[in-house]
Q: 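Below is the structure I would like to discuss, written out as structure tokens.
Just the heavy atoms: all of them, side chains too, but no hydrogens, waters or symmetry mates, feed the values below. Numbers for residues simply follow the sequence, beginning at 1.
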Amino acid sequence: MFRRLPAFLALLPRRLLLASSSPRTLTGAPRRMEPAAVRCLPGEPKLTISFRLDGANRCMLRDQDEPLGKALARISHGLNKSHEKARKSKKKSKGQTPPPQQPPPPPAVKLHYAGEEVADTVPNSAAWRDGAELRVGDVTFAVRRNAPTLVTAELPGSLLAGFPVCPHLRVEFGTLEDCEVTWYKENAPNASPAAAAEPPCWTEVGRGRVHVPSNHDIGLRLKLRCTPRDGGGRVGEVKELVSAGAVEAGPGACSFDNRHPYTVREAAWPVVRVATYNILADVYAQTELSKTVLYPYCAPYALQLDYRQSLIKKELAGYNADILCLQEVDTGVFTDSLTPALDAFGLEGVFRIKEKQHEGPATFYRSVLEDLNKPGRQVCVANTHLYWHPKGGNLRLIQMGVAMRHLSHVISEVAPGAPLVFCGDFNSSPHSGVFQLLSETEVPPQHADWSSSGPEEACSMELRSAFPPLLSACGQPAYTNYVGGFHGCLDYIFIQPGSMQVLALLPGRPVEQVIPLPSHQEVTTHEALPSVAHPSDHIALICDLRWNP
């Protein structure tokens, strides 16, 4: 039976009429079947069935070996209960007491495949096939089994003009590289009351997993539209995200802006670009001690994680490093911020959390990093953050002695002959025992660091390195850490000079280089670090190394 249309609807153009009507308004009108997503993996006892009906998401967890009839009956029963609950709620909101009556018959729920109804006795694992159709009353859903699905989709909280926006996307049954990502910006809002009631309009501004908003976007929200794909032609359900806040103005000149021109291109083989950076863990930046004693000169908003992460991601992306060693990485920062951002720039990462801490070192490396002339040649990259206390020189010596012994064992067992690149925040000056151990291979028993904790805890021993003398690739800068009450050189990239070499920077020539540090004026523009223009209390070290054939 056809429903009679109101007279004014009959006067509308057919195209407009169909576009504004729901699929169930006009019998026989063309419509697109909505998806029913089924997740079913071998070896798992359960499968999930998800679809959207009557404006609500429906999700069921069923046994894979359960007969299909039971799952269909459960769908029908659940829909009937929700309809009855909605009916009673509507009557109650109008102050009416619903009279007792027979509940409406449950909607017919059937599963069809290739034009045939699937028998109720077929187990769920075999019944819910890709291409099947789930029919709920007069609504039909296209079953998509293990289709590409976005299981995580989040936008960062801080959006700054001129800084990359890297969403946290995680896809199942597909790959991020194959996903289609489109960015939109909100049209400038109209001040009229009538326009304020209208839904926002959007203009496409870019494609790809990373978007850099411009100054023209300040005050406007961003929208991301992502279509998950698997590279083989399968497409999943589209997801749209709208930013919680609008794009804000950036901080202006940053301390790393003048460094990026040296690293605008990736290093050309056999040169490998290495960077190390203590990015200041949020668990330390947000303490009362940090806000009032360590960094009282830093604006409170500039210590907020979202703000600092915006700066960090732009800084790291601009270095185009092949190997990136980070310290003081919060667990959530690694998972939700750095991994999705750096993955979009071609870097994979590993993370190790410290015991009794919520932060640790993270090491990222370019996914296709390989010696094109000698495939299989390996390099050992180590990343550390030694004990911080000013009187802990003796503990740092012991830590380094253990580390060097362990690295020697790893190389001999896993990659014999591989050169060592040792990066990190060593919390040690060039005059320390740790620096001497690495650069001269031994520390005598009378070294002052053995008694750094006082005479009661003094220990004297001769400590030898298992490696030949290492070279500090970036030399001995005046400082790599600059806070209100201290500045000094604590961070290093150590290399084996017989296997890797770094040369002085020659302007205008694409040769191996140490990327110049920010000038003292840039570092102290806002008194010290961190600041609105620099996200950490440390400075990144970056150098290009030639890997000898």
Side-chain angles (χ1 to χ4, degrees), residues 255-279 312 315-327 342 345-347 349 361-366 369 371 379-385 407 418-426 428-430 434-435 438-439 467-482 488-519 522-523 534 536 538-549:
S255 59
F256 46 81
D257 287 341
N258 290 330
R259 310 184 79 189
H260 283 170
Y262 296 100
T263 58
V264 68
R265 296 182 181 87
E266 295 180 10
W269 190 255
V271 175
V272 179
R273 183 167 299 143
V274 181
T276 187
Y277 194 8
N278 181 327
I279 63 172
I312 287 171
E315 180 176 6
L316 296 181
Y319 292 146
N320 282 305
D322 298 302
I323 297 171
L324 178 59
C325 296
L326 304 177
Q327 303 85 43
L342 295 176
F345 293 108
L347 299 175
T363 304
F364 291 86
Y365 53 93
R366 193 162 299 283
L369 182 62
D371 186 335
V379 60
C380 179
V381 178
N383 181 10
T384 192
H385 187 188
L407 290 172
L420 173 65
V421 176
F422 200 176
C423 305
D425 177 357
F426 293 79
S428 304
S429 73
V434 165
F435 191 93
L438 294 174
S439 60
F467 289 83
L470 302 181
L471 172 70
S472 174
C474 297
Q476 302 175 23
Y479 52 80
T480 61
N481 174 237
Y482 198 102
C489 180
L490 305 178
D491 305 85
Y492 305 92
I493 299 174
F494 284 102
I495 61 173
Q496 291 183 255
S499 302
M500 289 189 169
Q501 289 142 11
V502 57
L503 302 180
L505 173 65
L506 298 178
R509 292 184 56 189
V511 299
E512 303 91 326
Q513 55 184 275
V514 175
I515 310 305
L517 273 67
S519 68
E522 290 172 321
V523 172
H534 191 88
S536 174
H538 285 251
I539 301 171
L541 295 179
I542 313 102
C543 63
D544 286 359
L545 304 174
R546 178 180 291 276
W547 192 353
N548 293 343

Q: Phe435 vs Phe494, test: ring pair (Phe, Tyr, Trp, His ring centres under 6.0 Å). Steps then yes/no.
A: CA-CA 10 Å; Phe435 191 93; Phe494 284 102; 5.7 Å; yes
Q: Are side-chain heavy atoms of Tyr492 and Pro430 found at a separation under 4.5 Å?
A: yes
Q: Looking at Asp322 and Arg366, is any side-chain nitrogen of the basic one under 4.0 Å from a carboxylate oxygen of the acidic one?
A: yes
Q: Please answer whether the main-chain N or O of Leu420 pairs with a side-chain N or O of Gln496 as donor and acceptor at a distance below 3.5 Å.
A: yes
Q: Would you please classify the geometry between the His260 ring and the Phe256 ring as parallel, tilted or perpendicular, with 30° and 60° separating the classes?
A: tilted
Q: Under the side-chain contact (heavy atoms from CB on, under 4.5 Å) rule, what do Ile542 and Val274 come out as? Steps first, then yes or no, please.
A: CA-CA 6 Å; Ile542 313 102; Val274 181; over 6 Å; no
Q: Can a donor-acceptor pair be found, under 3.5 Å and without considering hydrogens, that links the side chain of Arg273 to the backbone of Tyr319?
A: yes
Q: Decide yes or no for Ile323 and Phe364: does some side-chain heavy atom of the first lie under 4.5 Å from some side-chain heavy atom of the second?
A: no
Q: Ser255 and side-chain hydrogen bond (donor to acceptor under 3.5 Å, both in side chains): which partner among His534, Glu522, Glu315?
A: His534
Q: Does Asp544 form a side-chain contact (heavy atoms from CB on, under 4.5 Å) with Val272? I'd like the steps, not just the answer.
A: CA-CA 6 Å; Asp544 286 359; Val272 179; over 6 Å; no
Q: With no hydrogens and no angle check, just 3.5 Å: does a side-chain donor-acceptor pair link Gln327 and Thr276?
A: yes
Q: Assess the residue pair Asp425 and His538 against the criterion (side-chain contact (heavy atoms from CB on, under 4.5 Å)); give the C-alpha distance rounded to whole Å, side-chain angles, the decisive distance to 0.1 Å, and a yes or no.
A: CA-CA 9 Å; Asp425 177 357; His538 285 251; 3.2 Å; yes
Q: Is it the case that the side chain of Thr480 and the backbone of Leu490 share a donor-acceptor pair, with hydrogens and angles ignored and the cut-off at 3.5 Å?
A: yes
Q: Decide yes or no for Leu470 and Ile495: does some side-chain heavy atom of the first lie under 4.5 Å from some side-chain heavy atom of the second?
A: no
Q: May I ask you to decide if Ala362's main-chain N or O and Asn383's side chain share a donor-acceptor pair within less than 3.5 Å?
A: yes
